[in-house]
Each structure stands twice: as C-alpha cells, then as structure tokens.
Amino acid sequence: MSDKTIKNLPKTYNPGEVEDRIYRFWQKGGYFHAVAHGENCDIKPYTIVIPPPNITGQLHMGHALDNTLQDILIRWRRMQGYEALWMPGTDHASIATEAKIVEAMAKEGLTKQDIGREGFLKRAWEWKEKYGRRIIEQLKKLGSSCDWERERFTMDEGCSRAVREVFVRLYEKGLIYRGERIINWCINCHTSISDAEVEYDERDAAFYHLRYPLADGSGHLELATTRPETMLGDTAVAVHPDDSRYAHLVGKNVILPIVGKEIPIVADAYVEMDFGTGVVKITPAHDPNDFEVGLRHDLPVLTVTDEDGIMNEHAGKYRGMTIMQCRKAIVNDLQQQGYLVKIEPLKHNVGACYRCGTVVEPRVSMQWFVKMKPLATPAIEAVKNGQTRFVPERFEKVYFHWLENIRDWCISRQLWWGHRIPAWYCEGCGDIVVSLEDVEECPKCKGDLRQDEDTLDTWFSSALWPFSTLGWPDKTPELDYFYPTNTLVTGYDIIFFWVVRMMFSGLEHTGKVPFDTVFIHGLVRDAQGRKMSKSLGNGVDPIEIIEKYGADALRFALATGNSPGNDMRFTDEKVESSRNFANKIYNAARFILLNIGDNEVEQSLPEKLELEDKWIVSRYNTLVAEVTENLEKFELGIAVQKLYDFIWDSFCDWYIELCKSRLQGDNADGARRVLVFVMKGMLALLHPFMPFITEEIWQNLPHEGETLMKSAWPVYDENLSFSDEEKEMERIMEAIRAIRNRRAEMNVPPSKKAPVYIETSFIDTFKRGAVFFERLAGASSVKVGHDFELNGAVSIVTADATIKIPMDELVDKQAERARLTKEKESVQKQLQGVMARLNNQAFVNKAPANVVENARENATRLKEKLSLLEQSLTELG
RNA sequence: GGGCGCAUAGCUCAGCUGGUUAGAGCGCUUGCUUCACACGCAAGAGGUCAGGGAUUCGAGUUCCUUUGCGCCCACCA
C-alpha cells in the first residue's frame, strides 16, 4: 500500500489516484481467486457466472449496472465467508461480430469472399484479442472482483468442446434435426435467425385486394394481401372450412393471375372468416402460417426470392428485381390486367432483424433445429417447483409463457464466425456424420466428407456457459463444487435469449438447474427516460463517468434507488451526489485520523461506553442486521439508502459532532475507539457498494488483516443493543433540534450564545447532555431543574422538557403566544387522532400488542407536551 | 388479442410481509468562511400517495374498477 496517509491528502477525495492502485493491490494479492474445495470442506461456495459481454463492443451503462449488482453480491458473500466465485468471460457474438468485421473490411474494399473463410477467421480472432481485452479492462475499471485466472471465451477450447458434446448428444437423442423449414432470413446479415431474434414493429402498410379468377370460368375469388409480390409463389388459396360463402368452391381451382397457372382452393381453419374477404392466398415458401397450411394440404413450396432478397428464376419477368421493385411492378401489372380491386391502408407488424433492423424475409431453407418441447417441459417444471426462482417473481410468468408456446429453435447460421456445425456429408452415399471429432472419410462407404458450412447460433454456446466454464463435460472439481451456481444477474430483455436456454440446457446436460435465483434488473435509460441507443446518440459512457466521478460514485449511483426488475434513469446529478457521499466518508475518515494522531488505538470498543457511544453503537448494530437482511432479499437499493442515511446523518452529522468536545479532553481514547469501531463497521458494510474508497480508508485505519475485501462481514450482536440509551439520546437530540429551530426562527446569529434553562423530569439525561447543548445549540451555560423563575424568556417545548432561554431583547410576547398556541393546536390535533384510535375497542382488541403499546406511549408523550405548552402559555401571561 | 409494469414533494425516484405525524437525492427559501468536509453545516417551505369503489380496527401498501403512459408476447394474410 501507499505510505501516504490520508491526513496528508487534500480536502477532497481523488478517486482517480486511488482506484487503479487499489485494484492492482487486490489483483496482486490474488483476492479474487476462488478455489474448489473438496467434499469434506464446510466452506460453502457462492457462484455467479457473468453474462459474458460481447467482444464487439465496449462497456455501456447496462453492463455497468449488471456488473455492479453482481460485484455487490459477490463481495458481500465473500466477506460472509463463502468461497465466492465470480466467473468471468466474453462472448464471441457470432452475428454481431461478423457484421462488424464485414463492415470494417468494406472500408478496405474487401468482402468475405475476397479473403475466404480462413482469412476471415484470422481477422476475427485478431478482433477478439483486441476488443475482448478492451472490455475486460473496462470491467476492471468498474471494480469487478472477477476471478480473472478463470477467464473464459465462448469459443475457447473448453467451451467449443462442450458445444460439440451437446450437439452430438442432442443429435443422437433425436433432439437436433436437420430439415427444410421456414425460417427468418435476414438479407443483410445473410443468415437465418431464430424467432427470438426477430423484433416486431408496427408500421403503415397497404392491404392489396386482388381478384383470382375461378378456373371453371364461373367467377372469381377476392382476397387481400400485404405482400402481393409473393403471389408468384402461391400454390393454393384457402378459406375457412365453416365459411358457407365459399364451401361450394373448396376443391376447385383458381387461376393465378399473371402466372396463369391453376392452383387449388383448400379449406383450413387457420383462415379468419371475419378478416379481409375470408380468403387467403397461400405462399408456403414465404410465410410461416402458409408454410403450415402447405404441410397440412401437401402443397408444393415455391421459393421466388434468393438469399439477397432478389426475385429469382421462378419470378419470370420480375427476375432480378428487389422485393420492393417487384411489388411495385406487380401491383401495376395486376391493375392493368384488372386483377387489383383496391388498396387499403393497414397498420401491421413487420419483423426486423434485431441486429441490423432489416426487414426479415420468411424463407424455406435447409437448417438445423433443436426440438424444443421435450426440453421446455422440465425447464418449466423446475421453476414451478421452486428449484429456480425469479426476483422479482413476476418474470416467472414471462418465462412460462415463452416456454409454453415455444417453437423449434433454428440453430444454424450462414456465418463463418462461430462454432462450425460438427456434421459431415458424404459425397458418395450422401450419409450424414455427426461427430465429436473431425472426420475425414465416410464410415459407411469411405467416400469423401464435406463439413457443413454453417455455424451455430451464438446463444447455443452461451446456453452452456454456467457449466461449460466450469469444465463440463469433464467431471472437474470446479463443476462439482461450484455448480449449480447461485445467482444469475441479468436484464429482463434477455430472459428469452439466454436465461431460458441456460435453464433447459443445464437440466438436460447436467440434470440440475444452472442457478437457484435469477435476479432481474431493468434497463438504464437516459435522463429523459429514453432507451440509450447508438442511433439516438444518447448513450452515456461509463468510462467517462468513472474518470470524472470515480467508479465508486458510479456504482453507488446505479445501486441507489434501483429496485429489481424496474428501469432506471441515469443522470449526472445522481452520480454527483454519490461522489459527494464518497467525499463525506473520506472527510469523516480524515477527521478520525486527525484525532488519532500518534495515539495507539485499540481495535475493540472501550469497557465504558458513554451515552452517545451506546446510541451510535446500538444504531450501527441495527444497521448491520437490516443491511444484511436487505441484501439477502436482493433489496440492494434499500440497503444503499440505509447506509447513506446512517453514515451521513447519524454518524457524521451527529456522532462526530457529539464527540468533538470529548476528543479535546481526557476521555479522548474512548471516543477514538468508538469512532474507529463504527467507522470500520460502516466501511465493511459499504464495501460491496463502494469497494475502492472503503479499502483505501480501511488501510489507513488501525486494522488487522491484509484487506478489507477479505475481512469479515459484520454480524448483529445482542450485546451492542442499547435501546434505553437510544431513547435517552433521542430526548437530547430532539431538544437540540428544537432550540436550533427557535433560534433560526428568531434570526439569532450562531455567534450569539445564551444561557439555557431546562425544566424536565429527566434530570440526569439532560445534565449529561449539557455539553451538547453548549456545542450544538448555542448555549453559553446550561441549568437543569424544575420551575426556573425567568422573566421574558423564550420557551421551547418538547415532549420531555421545557427549555427556557432568556433573551429579553428578542422576546415578542404576542408572537410568542401565537407560536405556542399554534403548536398547542397541532399537538391537540395529533392527540385527538391517537385517542380516537385508543378509544376504539376494535382497535385495542384486534391490533397487535406492540402497535397498541406504541399508540399509548405516543398519547402519553403528546399529553405531556400539551401540558407543558399550556404551562408555558400561562407563564407568559 | 393476451400479459406485465408505472402513476407518491417542482424534478428523479424509494417505500419489504397493511400499523405512529409518507421518505431520499436534486431543486427552492433563510442563516453560517463552526478547528473533517461549501462535493459542507444548520433551519425551513413543499404531498387530499392518478380517479372511484370494496375488504379491514387501520390502506400509499390488499382486491375490483376507470383513466393516462410505457413495455413484452402473439401475428388476422
């Protein structure tokens, strides 16, 4: 550690200087590393696997929040004595990364085809090295206490082996199959994408009403479509089986306009009778519903566009046009030939690729799929029976709904960056070989094999992350000890992409749920509540914030007011106030160190505790219990608030002030020891939230052990609970506040001191408090007793005392009377409320004893205060 | 079409299983170069907890309902 001590440092805390140094100190100490203990060890593990950030990017506020929450949990559990493992790593993010690399290459005038698969992968790995490292560095800036010795990558050797293992197992079980199905195709990314990767957005569109002539010349059918160009691929027309309007036509044919070919009229319940004309053109190759209809009626599938969204050889004269060009041309032709009835405006949802925003083209092609039903069922069950729970619980509904309605998962991607599908096709016999190891020749006919060109969906490997990173499929000590993991921390926006897939994968391959709790947080929005996005340019860079205010301030700001599952707004003001809080603690520490000076300070509490000591210690003790409980319930925002209030209000504004006179006197040692004790306790409680500054201060205070981050989490101690003294101290504090209030109201300058007479039945308490009145309430002297005879004094009434301050020149009898009368009325009103409740038999009988007791005490206090006020009024004359 | 969330001080939000007089930050007003801190101290103003109804001794908190805003899912071509 630095040999500088805090007292030589300036008045304001400088996080930039401290944070990097502290982080290096932690890393050097190896404090982030967790070891897998054997069976007989009673140290319990606590594990979080990081949602691996994509190597495409840099840290954004969402990451900052996500990782702050994880670090809070992991640091807290580590201090509680758990073997706390935070497993870090990055994700190859196949489609996103590939798109970025293609984009970068385009600037050099290169395409993927120009440099070939190998050349491309070489570039991709270079990219990974560069940007993977950058994001890890950024996580470190945040203070993340990940076990970096275990850092993983979704495409590293181990993860790749797990991917192959899973692929082969599922294939052999019949849960992975290859087939020609309709999938979502992105013409820009040039690949299939899964249903989860399609984002729907309502857009204005046109509804084209077309007329298809009946083949027997007896008339025509009118139907409506939003995609007229797909008529080139129509292979039927459908009506509802119960639709009496069209019943007689089922089985007949219509003539497809322009194309001129005959296609059948089929009956299918998929058609909504009430929508449009009740007739639907069926294009199995370009619409998922039509594809299903096609399967049921054994219709041919005719694909009319190619992979770039260009009309293909089946499009006749429209061949070579883009989809939009073709739409325009075909509508024009239909109109000229009298097949277009009308065009209506229509709002409908259009699916777009979640990566690039291009409109998705449903398209039939040969792909690999995971059969979902058998995997979804146990995943639903595991949450239903509580093996895994969501915080907050409401997200379980979302989870169930998704899994209950899930369709098979298209896992093949026409991309190069990713895990290549471990399937080989025999050039000779056409056999498919799916294998863990690369294969050279066909086991059946010894013919040449060709590996599938495609790679797997990036989420296929992240689905295995909780166990692949721990060594699965090998039976490693890590897997044995740390798996199942404990808490998964992630945003609600990736429940579908990731959480569900980890759930069913964990259950299928390890027989266990991957984590017991899914802790969901919301999005970080900008100051106006908008989603932070690149296109809006309203994103805030966490690294810039860290440089300006410090990582502690950023973390604290993100944790403050954060409630599970809810979005939050990010503002600089929040970080600023967190920065101010850090500075407050820093200065409290400076104060303590200044007062310690060269004195030795025992690290335990002194034998004899003064009233104010018992008050702060007892309140601190309560804080320990509450913060711990809040953390257990994932109420991080509440825990933060309590820490803030205690440190700023109770400790700094009151206890330090209460101590000051004692620190000048003979009894300074006791005060120093209490200050150090409570300060160190606070630092421990605050450490998970503000790791850097707490460590820095702790290192400068008298301490045992190497580092705060490995020291013990405070525990509630029965012996430190002093409820009577807390109440006693509150009486004094209430009186001090009341005096300050009066003085402020009367514009008494702080420099003007005045004697204070306290009439009370708590003689000892207020005698003990005399010194505080002098220091904190502008008292030149304090007398405690009964019935002081004073003329023209200001009266201040609390529940426990009447305080009189003779300040003749300031007393305005009339104003004084008005003020006391007003206060009396207010107290009377409060008393009425309490009495109404106490006089209600139902309340007294039914409410819990402590509630009734509180009400009684309250009534007593109000009555006393009322009589004191009346007395003061009488004396005033 | 289905589901979910939000509505509390001027602004941004907390408020756990219902229990004294509803809290914080920022902002605002007044005073203070008080020997840790002006990134500070002290005092203060400011709320019929969106509207209506119900349950209860007691509702910001539970239930029903209305209104407004937001999100997710589904995809009637």
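The structure displayed is predicted, hence computed values, not measured ones. Letters A, B, ... are given to chains in the order of the sequence lines, protein chains preceding strands, and every chain is numbered from 1.
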For this session: Tell me which nucleotide among A14(B), C4(B), A36(B) gets nearest to the side chain of I638(A).
Result: A14(B)

Exercise. Using purine N1 to pyrimidine N3 plus N6-O4 or O6-N4 for Watson-Crick, or N1-O2 and O6-N3 for G-U wobble, each under 3.5 Å, what pairs with U17(B)?
Worked result: none

For this session: For the pair K633(A) and E629(A), find out whether any cationic side-chain nitrogen is under 4.0 Å from an anionic carboxylate oxygen.
Result: yes

For this session: If G58(B) has a Watson-Crick or G-U wobble mate with both distances under 3.5 Å, name it; if not, just say none.
Result: none

For this session: Provide the distance between the two P atoms, one in U56(B) and one in C49(B), to the nearest whole Å.
Result: 22 Å

Problem set entry | Atom pair distance, as rounded to whole Å: CD in E576(A) and P in A38(B) | 15 Å

For this session: Using a heavy-atom cut-off of under 4.0 Å over every strand shown, decide if R837(A) touches base, sugar-phosphate, or nothing.
Result: sugar-phosphate

For this session: Please measure how far the C1' atom in A9(B) lies from the corresponding atom in C26(B), and state the result in whole Å.
Result: 12 Å

For this session: Could you tell me whether the phosphate oxygens of G40(B), OP1 or OP2, come under 4.0 Å of any side-chain nitrogen or oxygen in N580(A)?
Result: yes

Exercise. Within this structure, what is the CG-to-C1' distance between L593(A) and A36(B), rounded to whole angstrom?
Worked result: 10 Å

Problem set entry | Rounded C1' spacing from A7(B) to A42(B) in Å | 35 Å

Problem set entry | Rounded P spacing from C63(B) to U17(B) in Å | 11 Å

Exercise. Can you find a side-chain donor-acceptor pair between D268(A) and H297(A) that sits under 3.5 Å?
Worked result: yes

Exercise. Is a side-chain donor-acceptor pair under 3.5 Å present for S194(A) with E197(A)?
Worked result: yes

Problem set entry | Counterpart base for G46(B), defined by Watson-Crick or G-U wobble contacts under 3.5 Å | none

Exercise. For A224(A), which contact category applies under a 4.0 Å heavy-atom criterion: base, sugar-phosphate, or nothing?
Worked result: base

Problem set entry | P gap between A45(B) and U61(B), integer Å | 26 Å

Problem set entry | Integer angstrom distance from the P of G18(B) to that of C76(B) | 43 Å

Exercise. Hey, does R579(A) reach any base, or is it just sugar-phosphate, or nothing, if we go heavy atoms under 4.0 Å?
Worked result: base

For this session: Can you check whether any acceptor in the base of C75(B) is under 3.5 Å from a donor in the side chain of N349(A), or vice versa?
Result: yes

For this session: Under 4.0 Å between any heavy atoms, over every strand shown, what does N854(A) touch: base, sugar-phosphate, or nothing? Just pick one.
Result: nothing

For this session: Rounded to the nearest angstrom, tell me the gap between atom CE in M568(A) and atom C1' in G5(B).
Result: 17 Å

Exercise. For C6(B), which nucleotide is its Watson-Crick or G-U wobble mate, given both distances must be under 3.5 Å?
Worked result: G68(B)

Problem set entry | Sugar-phosphate, base or nothing in reach of P288(A), heavy atoms under 4.0 Å | nothing

Exercise. Roughly how many Å is it from CD in E396(A) to C1' in C72(B), rounded to a whole number?
Worked result: 17 Å

Exercise. Paired with G1(B) by Watson-Crick or G-U wobble geometry, both distances under 3.5 Å: which nucleotide is it?
Worked result: C73(B)

Exercise. Touch check for W648(A), heavy atoms < 4.0 angstrom, all strands: base, sugar-phosphate only, or nothing?
Worked result: sugar-phosphate

Exercise. Would you call R819(A) and E823(A) a salt bridge, taking side-chain N to carboxylate O under 4.0 Å as the test?
Worked result: yes

Problem set entry | R742(A)/E745(A) ion pair, N-O < 4.0 Å | yes

Problem set entry | Donor-acceptor pair (no angle test) under 3.5 Å: K584(A) side chain, C37(B) base | yes

Problem set entry | Electrostatic pair K342(A):E222(A) at N-O distance under 4.0 angstrom | no

For this session: Would you indicate what Y644(A) reaches in the nucleic acid, counting non-hydrogen atoms under 4.0 angstrom: base, sugar-phosphate, or nothing?
Result: sugar-phosphate

Exercise. NA contact type, L223(A), heavy-atom cut-off 4.0 Å: base, sugar-phosphate, or nothing?
Worked result: nothing

Problem set entry | Presence of donor-acceptor pair under 3.5 Å, side chain of E657(A) and base of A42(B) | no

Exercise. If you look at every strand shown and take non-hydrogen atoms under 4.0 Å, does T12(A) touch a base, only sugar-phosphate, or nothing?
Worked result: base

For this session: For atom CZ of R407(A), decide whether the heavy atoms of other residues, nucleotides or ligands shown that lie under 6.0 angstrom number more than 12.
Result: no

For this session: Tell me whether the OP1 or OP2 atom of C16(B) has a side-chain N or O from K633(A) closer than 4.0 Å.
Result: no

For this session: Please work out if Q641(A) contacts a base, only the sugar-phosphate, or nothing of the nucleic acid, heavy-atom cut-off 4.0 Å.
Result: sugar-phosphate

Problem set entry | Donor + acceptor pair across side chains of R861(A), N858(A) (<3.5 Å) | no

Problem set entry | Whole-Å gap separating C1' (U12(B)) and CZ (R569(A)) | 7 Å

Problem set entry | Shortest side-chain distance from F207(A), nucleotide among A77(B), C35(B), G5(B) | A77(B)

For this session: Would you kindly compare S577(A) and V844(A) by the position of their nearest RNA chain B nucleotide and give the one closer to the 5′ end?
Result: S577(A)

Exercise. With respect to the side chain of N583(A), which nucleotide from C39(B), C73(B), A36(B) is positioned closest?
Worked result: C39(B)

Exercise. Can you check the F843(A) CZ to G18(B) C1' distance for me, whole Å?
Worked result: 13 Å

Problem set entry | Spacing of H401(A) atom NE2 relative to G5(B) atom C1', expressed in whole Å | 16 Å

For this session: Provide the distance between the two P atoms, one in U8(B) and one in G51(B), to the nearest whole Å.
Result: 10 Å

Exercise. When all nucleic acid strands are considered with a 4.0 Å heavy-atom cut-off, which category describes D653(A): base, sugar-phosphate, or nothing?
Worked result: sugar-phosphate

For this session: Return no unless some side-chain N or O of N741(A) is found under 4.0 Å from OP1 or OP2 of G44(B).
Result: yes

Exercise. Between C4(B), G15(B), A74(B), which nucleotide has the shortest distance from any of its atoms to the side chain of Y200(A)?
Worked result: A74(B)

Exercise. Say you pick atom C1' in G31(B) and the same atom in G70(B); how far apart are they, in whole Å?
Worked result: 44 Å

Problem set entry | Sugar-phosphate, base or nothing in reach of F496(A), heavy atoms under 4.0 Å | sugar-phosphate

Seminar exercise, completed: Side-chain contact check for E573(A): nearest option of C26(B), A77(B), A36(B) is C26(B)

For this session: Using a 4.0 Å heavy-atom cut-off across all strands, classify K660(A) as base, sugar-phosphate, or nothing.
Result: base

Exercise. Crowded around E393(A) CD? As in, over 12 foreign heavy atoms under 6.0 Å?
Worked result: no

Exercise. Any side-chain donor-acceptor pair under 3.5 Å between N14(A) and Y586(A)?
Worked result: no

Exercise. Out of G5(B), A43(B), A36(B), which has the shortest distance to the side chain of N566(A)?
Worked result: G5(B)

Exercise. Is the shortest side-chain N/O distance from K11(A) to OP1 or OP2 of C37(B) below 4.0 Å?
Worked result: yes

Problem set entry | Nearest-angstrom distance from the residue atom CG of N587(A) to P of A38(B) | 7 Å

For this session: Describe the nucleic acid contact of Q841(A) in one word from base, sugar-phosphate, nothing, applying a heavy-atom distance below 4.0 Å.
Result: nothing

For this session: With the side chain of K574(A) defined as its heavy atoms from C-beta on, choose the nearest nucleotide among A42(B), A36(B), U12(B).
Result: U12(B)

